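The structure appears right after this line, and notes come after that.
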Amino acid sequence: MTTGAEHSYRIAAGFVEAAFPAGDRLPAPDVGALLTAAMSADAATRRRYVQGLLWWLELRYLATHGRSFSSASRAERSAFLRQLSGRPLAGTLLRLLALPFRAAYLTDAGNLERVGARDAVCPAVAVGAERWRARIVAAAELEPVQDIECDVAVIGTGAGGAAAAYELAGRGLAVVMIEEGDYHDRRTFNGKLTEMVPRLYRAAGATVAVGRGLIPLPIGRSVGGTTTINSGTCLRTPEATLADWRAEGLSDFTAAHMQPFFELVEEVLRVGPADPRDVGQIGPLIAAGAERVGLRDARPLLRNADGCDGQGVCQLGCPTDAKRSTNVSFVPRALESGAVLYTGLRAERLRRAGTAVTGLVATGRDARGGRVELRVGARATVVAAGTLLTPRFLHDNGVRTRWLGANLSIHPAGVVTAWFPDREFDHGQSIPQGFGVHDLQSEGLMFEGGTPPFAGHGLLSPFQAEDFVRFAERYRQTAYFGFMIKDTARGRVRRGLRRDLPLVTYSMNDRDFALFKRGIDLLARMYFAAGAHEVAMPGPAGSTVVRNEAELEGFWRSEPGSWRFLISAYHPLGTARIAATPERGVCDPEHRVWNVDGLYVMDGASVPSSLGANPQVTIMAMATRAARLLAARLAL
């Protein structure tokens, strides 16, 4: 008679054996070792969800075959996994179950070597003993209750909060930064996906938008926010977007007025074109394909990574500090100018005196797990918690307007892959996003891409069992590229069931979906023009594979819906937008929350609309402008 634990182990072992059979390059894993690696990396709550999904698989097989999944042969189990993978709901549950096991399989040092990928990196340079580090205070160091005073309290250290703090501190104001996440530096950034995602991503990367399907919308939670985990692309606000804002009454937003703020940001970030050596072979391939379909403006993207050595782990924290995310750019500069940074503290409520905000209260945990409370008195409070969290914080603190949490834009993004059996791409030695095709940016379609690490190649693959292993082994022969669209649809952010996960709702409209399909079509044609043998269009329940343009045209004649495509997004904006009047937004043109004294928003939430360009430079420039205006106001 077996125990529940023994039965659970047998299900898990049966799943691993069926999900990862031996391939041509990749051997079948040691089942016990893979189970240990997969489950030990997960927190207790995630282990419980894995156990639940394993039992779902066991009972699902029992319901359809009259016996348990764990008692079936390996071939029968593998066939069942492939069968489930093509069903929308069951395939999604199956991929969720597979995630921790795939992460362990795809980051195994032996497997990385077998496919010619790079193993986890080590920091290239020792961390210095800069004096500004003494101005970082962790929650664990605080007394149970502590009171401090400052001129400006800034909630959040991402693109907006860090840039604002630097500008304010540089103008002689006493600035306190409050960050919910922890401070990490290159000693932490080891490139290991199973360690970095829980450490640097909110809810371990599980943030999604819900609509016609699930759209992954990952955001950061550490000093640096999402800038620590983005790809480093740095583009200015397009002039057409600025013109749209001026048409709505935001008259200051001209290219000339914003020029000095863009220049300051680009100087701090050391913005320059990606080195073609770091872009890798995908750049020339896409450029050749683009030219053959009539597109000419293909070139390396501007990035904030002077000195990049192409290790390709930008989304896991840069191990050399080449990528100038705010944790190594604006935050240290703010600290050098006298600001103080408190980490591990969540802003809970605003302090008020009548209609004026006079500071905030933040809470965290001390070294023993006890509650600590930091009470901050401030002449002004800047909320920069990010587009998905700022609205809820403001709502919980009494801000009421129909625009709060509304107006969400996300830049829906798609990816197309292609198989080149006669090529050996330099994957693992190039950056994830370093090349772009800009011809159609004015129409709202921007092509951007590069090379994902081996884990990114396989982690969210729709394939199962032998199909998954075959796809994983093709890593060096698979080309990746993607695109994003300037969306006209708008979503909303509301309180979620868990504090860590806001409820985000969003659905593409017909206009945006037509543009999205155009991006898919053009990318596929670029690949065929460059000599691809197969082009794959990933979707939630599997990939559509076409082998020539005739098959591609046949696919479009089938009128595929949005559920046929894998849609993601990385640039949430607009949920506390600035506007010329309180009837049109949450904040005024100087980023002050309408009708609330002393309260400001300086992050992606305050951006009025979708940009059609990667937003970090826009957010930083807008925050710098707003902070300069705030400093002048406080000097009166």
Side-chain angles (χ1 to χ4, degrees), residues 88 92 208-218 231 233 235 238 240-241 286 289-290 293-295 298 407-418 433 435-450 452 460 462 479-491 504-528 535-546 549 551-574 609-615:
T92 299
V208 297
V210 180
R212 295 179 181 175
L214 296 179
I215 301 178
L217 196 62
S231 296
T233 303
L235 302 177
T241 301
I286 288 294
V293 300
L295 303 177
N407 190 53
L408 172 70
S409 64
I410 63 173
H411 284 161
V415 64
V416 180
T417 68
Q433 185 169 288
F435 200 78
V437 182
H438 303 255
D439 300 68
L440 303 177
Q441 186 176 7
S442 63
E443 299 176 35
L445 183 57
M446 178 71 178
F447 296 96
E448 296 177 339
L460 296 177
Y480 277 82
F481 218 71
F483 64 90
M484 65 180 184
I485 64 170
K486 182 180 180 181
D487 48 334
T488 59
R490 293 294 180 264
V504 183
T505 54
Y506 182 95
S507 293
M508 274 199 293
N509 58 31
D510 291 343
R511 179 266 180 198
D512 292 351
F513 184 48
L515 188 60
F516 183 92
K517 290 188 292 185
R518 188 181 181 198
I520 294 283
D521 182 69
L522 280 171
L523 263 183
R525 294 180 189 278
M526 289 183 210
Y527 282 137
F528 284 130
V535 169
M537 294 165 280
S543 284
T544 299
V545 177
V546 293
E549 292 194 9
E551 289 186 9
L552 178 64
E553 290 162 4
F555 170 69
W556 293 125
R557 285 194 296 272
S558 71
E559 298 184 354
S562 59
W563 60 272
R564 295 288 298 273
F565 303 100
L566 189 63
I567 303 170
S568 59
Y570 307 93
H571 307 145
L573 301 169
S609 71
S610 181
L611 298 176
N614 302 63

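The structure displayed is predicted, hence computed values, not measured ones.
- Residues satisfying the side chain to side chain contact (heavy atoms under 4.5 Å, CB included) test with Ser568, not counting sequence neighbours, are Pro216, Ala413, Tyr570.
- Across all their heavy atoms, Ala536 and Val416 have their closest contact at O-CG1, 3.4 Å.
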Step by step, would you call Val546 with Phe528 a side-chain contact (heavy atoms from CB on, under 4.5 Å)? CA-CA 10 Å; Val546 293; Phe528 284 130; 3.9 Å; yes
Ser442 and Lys486: side-chain contact (heavy atoms from CB on, under 4.5 Å), yes or no, with the steps? CA-CA 9 Å; Ser442 63; Lys486 182 180 180 181; over 6 Å; no
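- Legend: residues meeting side chain to side chain contact (heavy atoms under 4.5 Å, CB included) with Pro615, ordered by chain and number and at least two apart, are His571, Leu573, Leu611, Ile619.
- Minimum heavy-atom separation, Pro560 to Lys517: O-CD, 4.3 Å.
- With sequence neighbours left out, Ser543 forms a side chain to side chain donor-acceptor pair (under 3.5 Å) with no residue at all.
- Sorted by first and then second residue, the side chain to side chain donor-acceptor pair (under 3.5 Å) pairs involving residues 504-513 (not counting sequence neighbours) are Asp487-Tyr506, Thr488-Asn509, Thr488-Asp512, Arg494-Thr505.
- The closest side-chain heavy-atom distance from Val504 to Leu217 is below 4.5 Å.
- The side chain to side chain donor-acceptor pair (under 3.5 Å) test applied to Glu551 returns no partner, not counting sequence neighbours.
- Side-chain contact check for Arg564 versus Phe555: some heavy-atom pair is nearer than 4.5 Å.
- Residue pairs meeting the side chain to side chain donor-acceptor pair (under 3.5 Å) criterion with at least one partner in residues 553-563, sequence neighbours excluded, are Asp521-Trp556.
- Put simply, CE on Met446 and CD on Gln441 are 5.0 Å apart, with the number rounded to the nearest 0.5 Å.
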For Met537 and Leu523, run side-chain contact (heavy atoms from CB on, under 4.5 Å): C-alpha distance rounded to whole Å, both residues' side-chain angles, the deciding distance at 0.1 Å, then the answer. CA-CA 10 Å; Met537 294 165 280; Leu523 263 183; over 6 Å; no
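- Using a 4.5 Å heavy-atom threshold, the side chains of Ile215 and Pro412 count as separate.
- Side chain of His438 to main chain of Ala298: no donor-acceptor pair is present (N/O by atom type, distance under 3.5 Å, no hydrogens or angles).
- In this structure Leu445 satisfies the side chain to side chain contact (heavy atoms under 4.5 Å, CB included) test together with Leu440, Phe447, Phe483, Ile485, Leu515, Arg518, Leu522, sequence neighbours excluded.
- Listed by chain and number, the residues in a side chain to side chain donor-acceptor pair (under 3.5 Å) with Ser231 are Gln315 (sequence neighbours excluded).
- Contact record, Ala524 with Val535: CB-CG1, 3.8 Å, taken as the closest heavy-atom pair.
- Among all heavy-atom pairs drawn from Ser409 and Ser609, the shortest one is OG-C, 4.0 Å.
- Scanning all heavy atoms of the two residues, the minimum distance from Phe481 to Tyr527 falls at N-OH, 2.9 Å.
- Residues Gly574 and Asn407 share a closest heavy-atom pair of O-ND2, 3.0 Å.
- For the atom pair Met484 CE and Ile410 CD1, the distance stands at 12.5 Å (nearest 0.5 Å).
- With sequence neighbours excluded, the residues that form a side chain to side chain donor-acceptor pair (under 3.5 Å) with Glu448 are Gln433, Asn614.
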